[in-house]
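Note on naming: letters A, B, ... go to the chains in the order of the sequence lines (proteins, then strands), and numbering restarts at 1 for each one.
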Protein chains: 2
Amino acid sequence: MIQINYRDPRPIYEQLRDGFRQLILTGVLEPNAKMPSVRELAASLAINPNTIQRAYRELEAEGCICSVPGRGSFVCKTDAAVLARRTELTAQLQQAVGELRTLGLTDEEIIALMKEGNDHD
Amino acid sequence: MIQINYRDPRPIYEQLRDGFRQLILTGVLEPNAKMPSVRELAASLAINPNTIQRAYRELEAEGCICSVPGRGSFVCKTDAAVLARRTELTAQLQQAVGELRTLGLTDEEIIALMKEGNDHD
DNA sequence: TTAACTGTATTAGTTGGTTTAGTACAGTTA
DNA sequence: TAACTGTACTAAACCAACTAATACAGTTAA
């Protein structure tokens, strides 16, 4: 369902949080689907339950999941979560574009880069 | 010349490296210009010389500066350095674009985001 | 009710990367 | 010679990330 990469310098909880966010916001994990339990996922990934808990806590703060003590954690895709992610990606996009411009690239060249090497409709 | 931000979670040596790279690749610091000496910059920023050295070492590995024992470090903008940065930014751009697409945005909408809120010729 | 699950909280300890500190060596310049 | 330069090395301090162990409370089903 989700994998962690120990060569990735990012902390495990970030990899989990970002990986699940991707699955949820893109609809791979559908709303109301049950997330793996903290202990279950910790056992299957051979990491500490606290690390899972931290990722889940942040996903809940973002509006991606809802956790209910005793019952479990469930996908709960929120408009706010989608918008927040879109805003974040827009900032990243604009920063990369800004620096590419300072390197002398024109908007046409940047748009070409953007379309190359990607599947696009 | 360069500033460090203690609220920035990134390590100091990365802030220095990225800040100088920006100044060099954009031409603010011209080729053959003398970089501040390791000890001088360490004193003026009130940080350890080893931290400066680490940033300089990486900038030299990237081809942004050339260090000469006894003489100092000098701006040495290389085609390879420009290309490497361009490749890096392209990857960032394409990743942001890819995820924005999975959120349902069309290329036209993404291009609009890219142009909005930026100075562009 | 009991047992087994669930999320949550807390405290303490380990680990690894960053940074500091001190020292040393060698090349350059005036 | 004296003062600068980059470079190298070791040791220690520091801090965030992560682990570990334990505990508490709510839910679910036999």
Chemist: Respond yes when some side-chain nitrogen or oxygen of B:Ser67 is under 4.0 Å from OP1 or OP2 of D:dG6, and no when none is.
Modeler: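 For B:Ser67, the contact criterion (side-chain N or O under 4.0 Å from OP1 or OP2 of D:dG6) is not met.
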Chemist: Quick one: which of C:dT8, D:dT5, D:dA21 gets closest to the side chain of B:Glu40?
Modeler: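 So the side chain of B:Glu40 is nearest to D:dT5.
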Chemist: May I ask you to verify if any side-chain N or O of B:Arg71 is less than 4.0 angstrom from the OP1 or OP2 atom of C:dT29?
Modeler: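 Result: yes.
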Chemist: Please tell me if A:Tyr13 has a side-chain N or O lying less than 4.0 Å from either OP1 or OP2 of D:dA17.
Modeler: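 True: A:Tyr13 side-chain N/O within range (under 4.0 Å) of D:dA17 OP1/OP2.
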Chemist: Reckon B:Arg54 has a side-chain N or O less than 4.0 Å from the OP1 or OP2 of C:dT18?
Modeler: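 For C:dT18, OP1 or OP2 has a side-chain N or O of B:Arg54 closer than 4.0 Å.
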Chemist: Identify whether any heavy atom of B:Arg39 sits under 4.0 Å from a base atom; if not, whether one sits that close to sugar-phosphate; answer base, sugar-phosphate or nothing.
Modeler: base
Chemist: When all nucleic acid strands are considered with a 4.0 Å heavy-atom cut-off, which category describes A:Glu60: base, sugar-phosphate, or nothing?
Modeler: sugar-phosphate
Chemist: Could you tell me whether a side-chain N or O of A:Thr106 sits under 3.5 Å from a main-chain N or O of A:Glu109, the two making a donor and an acceptor?
Modeler: yes
Chemist: Taking everything shown except A:Asn32 itself, do over 12 heavy atoms lie less than 6.0 Å from its CG?
Modeler: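 Not buried by this count: 12 neighbours or fewer within 6.0 Å.
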Chemist: Donor-acceptor pair, distance only, cut-off 3.5 Å: does the side chain of A:Gln92 make one with the backbone of B:Ala96?
Modeler: no
Chemist: Please determine if a side-chain N or O atom of B:Thr51 lies less than 4.0 Å away from the OP1 or OP2 oxygen of C:dT20.
Modeler: yes
Chemist: Counting only heavy atoms not in A:Asn5 (residues, nucleotides, ligands), do more than 12 fall under 6.0 Å from its CG?
Modeler: yes
Chemist: Provide the Watson-Crick or G-U wobble partner of C:dT29, both distances under 3.5 Å; none if there is no partner.
Modeler: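 By the stated definition (distances under 3.5 Å), D:dA2 pairs with C:dT29.
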